[in-house]
Amino acid sequence: MHIPDAVLSPAVCAGTGVLSTAAVGYSVFRLRSSLADRTVPMTGMAAALIFAGQMVNFPLPFLPVSGHLLGGVLAAALVGPWAGCLAVTLVLVVQCFVFADGGVTTLGANILHMAVIGAWGGSAVMNAVRNLLGGDARATIIGSVVASWLSVMAAAALFCLEFALSCWGPLRGSSEAVNFDLARIFTLMVSYHSLIGIGEGLITGMVVSFVLRQEPSLIRPAEPSTHLVGAGRLAFAGCIAAMAVAAFLAPFASEYDDGLEAIGTTQFAERMEQERQGPALLSDYEIPLPIAGWKESPVWAKVSVSLAGILGTAATLGIALALGRLIPRPQIVPQPAE
Amino acid sequence: MTVESGPTVCHRLPAGLKLLLVALVIAAGLAIPAENWPAHGMLAALVFAGHTFAGIPLRYLLRRLALFLPLLLTFALSLPLSQGGDRGWELGTAIALRGSLAFLSMLWLIHVLPFPQLLATLRRYHCPSVLLAMMAFMYRFSFLLFHEVERMTAARRARSFGRTGFWFRWKVGAQVIGMLLIRSMRRAERVHGAMLARGWTGDVRVLEDKA
């Protein structure tokens, strides 16, 4: 998930940098006006928690690598969208400047994908789902699973867009136009990320349901939607969902008449974050493994993306419903914190 | 993560200068046209010279590179794979080369710029103090929580008698994170109480920087 330096062009880095600086600034502004002296310890601890939580390995089927939590939605469920966004931002900054994980020039893009989409978008989606389903514990779990999955997909879609813009001639300063096929990169990314999204949804859902059983007051109650706030949040949630949907629809919008080979989609390549070996801490790397043998007709590219989408959606709903059922309902209606 | 080596001439440079140097190297890497191979080579020589002067062991560099390159190559390879043709290979190679250079210069930076110095530098450049306080807090407590995770996993392993089913490990992993969450939030409450007892009002006050 951490984009290294030099993958994105300077112009795109600058653009994402400005956007994420604005987002982080707005989060600081909102936090200052809300809960004064508790902000620093709570947000700092939430960041440390996400960081440490990423150490816990989850095995992947058929692959020698393991995956881990990303944490944007979990942070938002814990401390709200503004503090959650800051917490994930801090994790990314420290990973960049202390562990050389993720590039400096691409820090803005990384913050945009994981902190802003993860915490703001995740929180918006989660709230929308919770309010839709009645706001009890089951709705909370379903909301967190759906939000995790959507935020991963939206981040993948946004990355494709940035990647395409980076290779686009005019922005690179070269007159030579690169014939960049957005649809193909979408196919590759979306296939991977629908599976990453399932993993993230599963982990977040299980953690949220565990916490709801043990100490429900820690999960923030669904915010009642006033008209204006509700509308804005719904719009934001809609954007996130639309981006995720666009990721699936894009391959169909393309023309495959050029006769070039379709990319090797690797629908069965599972989540691909390889953990660092040895005694040292963190530093995790993502390895999409382009498994050979899927280089086939354009039709397969389309079919595989739809399959991945359907699989992902079904799995998300399944996880959400199953986790919701595990909870004994009467005891754990989330109470407001204070 | 710590590499044993005494302070070198690189460590003694002013913190701002170190940041500027790395920023310049990364920017230069991005700005040089992809076709200009000699310039990339000279940049690489510069970076390696920096590593030599900072006394960073070659083995450490190679180990980090071995872990980093698969990720970078994935990005680089996705271009020729998805776009095809010579142009895709050219772009991909450029990404691989520049990415490695930028990564190596970042490794140099994290080696010669300790975290407190980084914070002090950021403070001097007027980064919001709330953010810096959070960052310091997070840095302090992440190591505590790392150890807590290690202890919890060890205890869990001791109690599960070698049971390692696939689904079991997912369940246990989520429960470890959940438990960590509950404990760390309680800890944050305690720490907040202790901070209040020492006169915390929400403003961050620092002693004069000695960076």
Side-chain angles (χ1 to χ4, degrees), chain A residues 4-7 10 28 36-45 47-49 51-53 55-59 61 69 78 86 90 93-94 97-100 103-105 167 178 180-181 184-185 188 202-203 206-207 210-211 214-215 218 260-261 263-264 276 280-281 283 285-288 290, chain B residues 1 26 29-30 64 67-68 70-72 74-75 77-79 81-84 87 91 95 98-99 102-103 106-107 110 115 118 128 130-131 133-135 137-139 141-142 145-146 148-149 166 169-171 173-178 180-182 184-185 187-188 191-192 195-196 200-202:
Chain A
D5 276 315
V7 169
V28 172
D37 65 309
R38 273 168 52 112
T39 312
V40 169
M42 282 301 168
T43 314
M45 191 61 92
L49 165 74
F51 204 179
M55 268 183 80
V56 180
N57 290 327
F58 292 89
L69 176 78
L78 204 60
L86 286 187
L90 290 180
V93 169
V94 168
F97 281 103
V98 183
F99 301 100
V104 197
T105 51
C167 297
V178 182
F180 195 87
D181 193 342
R184 289 201 172 142
I185 206 85
L188 197 64
L202 195 58
I203 300 173
M206 288 200 296
V207 171
F210 178 81
V211 175
Q214 303 291 331
E215 199 151 325
L218 283 181
L260 283 171
E261 49 176 20
I263 55 153
R276 173 186 183 132
L281 306 170
S283 273
Y285 298 108
E286 209 183 358
I287 306 183
Chain B
M1 195 59 62
I26 293 177
L30 286 180
R64 288 299 307 257
L67 288 165
F68 171 75
L71 169 77
L72 186 69
T74 308
F75 282 106
L77 273 181
S78 73
L79 277 172
L81 269 184
S82 64
Q83 310 306 320
R87 189 64 188 157
L91 282 175
I95 284 184
R98 296 163 172 188
F103 178 69
M106 273 314 279
L107 279 186
I110 65 173
F115 189 71
L118 175 72
V130 180
L131 274 184
M134 285 175 188
M135 210 189 289
F137 196 96
M138 174 222 167
Y139 187 73
F141 279 93
S142 20
L145 295 194
F146 289 149
E148 189 139 8
V149 170
F166 177 76
R169 281 182 59 193
W170 274 77
K171 208 178 94 186
Q175 282 172 1
V176 165
I177 295 179
L180 185 73
L181 190 155
I182 293 170
S184 63
M185 285 298 122
R187 192 195 289 269
V191 171
H192 177 234
M195 285 161 81
L196 286 182
W200 169 256
T201 55

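Just so it is clear: chains get the letters A, B, ... in the order the sequence lines come, proteins before strands, and each one is counted from 1. Heavy-atom basis, side chains included; hydrogens, waters and symmetry copies ignored. Only a predicted model underlies this, so the values are computations on that prediction, with no experimental measurement involved.
The shortest non-hydrogen separation linking H192(B) to R38(A) is CE1-CG, 3.0 Å. Scanning all heavy atoms of the two residues, the minimum distance from A100(A) to R64(B) falls at O-NH2, 3.9 Å.
We find the CZ-CD1 distance between F210(A) and I182(B) to be 5.0 Å, quoted to the nearest 0.5 Å. The CD atom of E148(B) lies 11.5 Å from the CE atom of M55(A); values are rounded to the nearest 0.5 Å. For the atom pair K171(B) NZ and L202(A) CG, the distance stands at 12.5 Å (nearest 0.5 Å).
In this structure the side chain of V94(A) reaches within 4.5 angstrom of the side chain of M135(B), judged on heavy atoms.
Proximity to chain A (any heavy atom under 4.5 Å) is restricted, for Y139(B), to the side chain, taken from C-beta onward. L218(A) touches chain B through its side chain: at least one heavy atom from C-beta onward sits under 4.5 Å away, while N, CA, C and O do not.
Of the possible polar contacts, one joining the W170(B) side chain to the P59(A) backbone as a donor-acceptor pair under 3.5 Å is found.
Of the listed residues (V7(A), L86(A), T43(A), T105(A)), the one with the most heavy-atom contacts under 4.5 Å to chain B is V7(A). Between chain A and the residues G99(B), A133(B), G178(B), the most heavy-atom pairs under 4.5 angstrom are made by G178(B). Between chain B and the residues L78(A), V104(A), V93(A), the largest count of heavy-atom pairs under 4.5 Å involves L78(A). With chain A as partner, the option from L196(B), L181(B), V149(B) having the largest number of non-hydrogen pairs under 4.5 angstrom is L181(B). The candidate with the highest count of non-hydrogen atom pairs below 4.5 Å against chain A, out of L180(B), V176(B), V191(B), L107(B), is L180(B).
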Take M42(A) and M185(B) through the side-chain contact (heavy atoms from CB on, under 4.5 Å) test and state the conclusion after the steps.
CA-CA 7 Å; M42(A) 282 301 168; M185(B) 285 298 122; 4.2 Å; yes
Between F97(A) and F115(B), is a ring-ring contact (aromatic ring centres under 6.0 Å, His included) present by the stated rule, with each step listed?
CA-CA 8 Å; F97(A) 281 103; F115(B) 189 71; 9.3 Å; no
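In this structure, F146(B) and F51(A) have perpendicular ring planes: the angle between them is above 60°, well past the 30° mark.
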